[in-house]
Amino acid sequence: MKSWDVIIVGGGAAGLMCAAEAGKRGRRVLLLDHGKRIGRKIIMSGGGRCNFTNYFIEPSAFLCANPHFVKSALARYTQWDFIALVEKHGIAYHEKTLGQLFCDDSAQNIVDMLVKECEDAGVTIRLRSHIESVEQQDEGFAVITNNEQYSCQSLVVASGGLSMPKIGASAFGYQVAEQFGLKVLPTRAGLVPFTLQPVDKATLESLAGVSLPVVAESEGGTRFAESLLFTHRGVSGPAVLQISSYWQAGEQVLFELLPEGRLTQGISEHPNQELKTWLGHQLPKRLVEALFTRDEWTQTKISNKPLKQYVPKEIAAIEKLLSAWPLKPGGTEGYRTAEVTLGGVDTNELSSKTMMAKKVPNLYFIGEVVDVTGWLGGYNFQWAWSAGWSAGQSV
Ligand code: FDA
């Protein structure tokens, strides 16, 4: 049985960062992944340019049953630390919007950077390693794979969540947590497009390709000002992906298509314009046509007429429809297209400073396998870097 100081399962963002940091401390590190390539999610992230962090990282941008948990790791290894690493490797990057940082060239730059850091730190990487079992032994662990048997002092689970099974996602991390008696919170797809209920398909399916800026609001009152995109399968775009993480089955989402007061302003500016004509200047015309055929509009029994003819009650009803347009999704596209997995290893089981399991010495969980999910925009990678770095100082 070959012996290592540290074995890390999962060669994604968190595992690579942890491996490099532990290696730098002189630990003999073995990184195992069942895939053919390292960092596959990084490569396909951010449309191939990897949105690797965000200027505005803050704990409130993370969903977690214990919102305080993320503070320590995010403060110990910040976005500025990761930006400094990117700059040290001469990788060109730019801010796209809302503080989101992307590579100018390719996401492969980030993978190459992490692999180089691992190489310089003496980390051994073994791909196509299928873990058959993990057992506690003496002061550490035995890890049996399809081709080797290893022992280690510290075991780090960095195997990610369930999203995108096609590129290697597995339930491995949750199974290990349960094997060692740690609580795993229910998982569900996050940052994921919504599908439509049959009743909405008739009016909205034809809008595929239409996109507009909106404010999406969950039933719990969380709001995101981003764009909404209608697709052949339902609705997507950053506004929908963001709000999907705050959505529970059966709930509705409100979309502010136009801010309250815009119609009142329109009435004073264009009193003789008909509502449909005026709306066609404010919103995509195909959307306006579709809105007029939907139940929530026809039920108001308000007709299309020059703006000056609307009475206050009608104006209030139209303003409400436009500023809080309700849509009850049929569901989500699920793990097949989700960017992240909500839920996972309960943070109450882990040290927020080191990520070590409180009741299983030398067993660590980092990255997406943990019940921490960030907003869209580089937050999830920053969590992976911060958690991976923190564990890397301790293993
Ligand atoms: P990650 O999933 O990256 O790595 C886990 C690794 O473990 C994989 O290499 C897998 O092969 C391996 N593994 C799994 N099971 C195993 C087993 N049983 N045995 C051995 N190995 C196993 N975030 C962001 O901040 N900015 C962005 O631009 C994007 N873009 C993006 C696009 C797409 C399409 C997706 C799906 C996701 C994103 N994300 C993102 C989210 C981001 O990719 C994600 O949060 C991190 O990759 C999580 O890092 P981890 O290291 O925890 O898991």
Side-chain angles (χ1 to χ4, degrees), residues 7-19 30-54 57 61-63 79 82 93 96 98-103 107 110-111 114 125-134 143-146 155-176 189-193 238 241 245 333-342 344-345 355 364-389 391:
I7 291 183
I8 299 171
V9 179
L16 284 162
M17 174 58 88
C18 180
L30 174 66
L31 179 66
L32 301 173
D33 198 293
H34 63 176
K36 289 190 291 226
R37 294 178 71 184
I38 208 87
R40 283 179 290 179
K41 257 187 207 166
I42 302 176
I43 292 167
M44 69 185 301
S45 68
R49 292 225 160 88
C50 185
N51 177 193
F52 54 80
T53 193
N54 193 295
I57 298 289
F62 294 84
L63 292 92
Q79 66 272 44
F82 194 77
Y93 65 91
K96 201 166 168 189
L98 302 170
Q100 302 167 2
L101 302 187
F102 288 75
C103 297
I110 299 293
V111 177
L114 293 165
I125 298 178
R126 298 248 162 92
L127 299 173
R128 294 189 171 92
S129 293
H130 299 274
I131 318 293
E132 286 169 1
S133 70
V134 170
V143 178
I144 316 290
T145 73
N146 51 328
L155 177 65
V156 182
V157 179
S159 53
L162 297 171
S163 43
M164 303 245 165
K166 261 193 186 160
I167 54 164
S170 82
F172 175 82
Y174 310 128
Q175 287 158 2
V176 173
L191 299 182
V192 63
L241 300 186
S245 295
E333 289 187 7
Y335 294 121
R336 189 178 58 82
T337 59
E339 284 200 12
V340 288
T341 303
L342 291 146
V345 178
M355 306 292 137
Y364 295 77
F365 291 85
I366 55 173
E368 198 179 319
V369 71
V370 178
D371 169 38
V372 172
T373 305
W375 288 350
L376 186 79
Y379 295 89
N380 285 295
F381 277 136
Q382 185 58 45
W383 168 247
W385 316 135
S386 297
W389 186 93

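Whatever order the structure lists them in is the order used to number ligands and atoms, beginning at 1. One-based numbering along the sequence shown.
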With only distance considered, is Asp33 within less than 3.5 Å of ligand 1 through an N or O on each side? yes

When you measure from atom 15 (N) of ligand 1 to each heavy atom in Ala107, Ala158, Ser170, which option holds the nearest one? Ser170

Is a donor on one side and an acceptor on the other found under 3.5 Å between the side chain of Lys41 and the backbone of Ala13? no

About how many Å separate OH of Tyr364 and CD1 of Ile8, when rounded to the nearest 0.5 Å? 11.0 Å

When you measure from the side chain of Thr53 to the backbone of Gln79, do you find a donor-acceptor pair of N or O atoms at a distance under 3.5 Å? no

Side chain, backbone, both or neither: Gln382 near ligand 1, heavy atoms under 4.0 Å: neither

Atom 34 (C) of ligand 1: closest protein heavy atom, distance to 0.1 Å, is Met164 CE, 3.7 Å

Is a side-chain donor or acceptor of Trp389 paired with a backbone partner of Phe82 at a separation under 3.5 angstrom? no

When you look at Tyr379 and Trp383, which way does the ring pair (Phe, Tyr, Trp, His ring centres under 6.0 Å) test go after all the steps? CA-CA 6 Å; Tyr379 295 89; Trp383 168 247; over 10 Å; no

Kindly give the heavy-atom pair with the smallest separation between Val111 and Gly39, and that separation in Å. CG2-O, 3.8 Å

Quick check: does Cys50 get an N/O under 3.5 Å from an N/O on ligand 1? no

With heavy atoms only and a cut-off of under 4.0 Å, state how Phe381 meets ligand 1: side chain, backbone, both or neither. both

For ligand 1, which part of Val9 has a heavy atom less than 4.0 Å away: the side chain, the backbone, both, or neither? side chain

Contact partition for Tyr379 relative to ligand 1, non-hydrogen atoms under 4.0 Å: backbone

Between Ile366 and ligand 1, does any nitrogen or oxygen pair lie at a separation below 3.5 Å? no

Atom 52 (O) of ligand 1 [closest protein heavy-atom partner, distance rounded to 0.1 Å]: Glu368 N, 2.8 Å

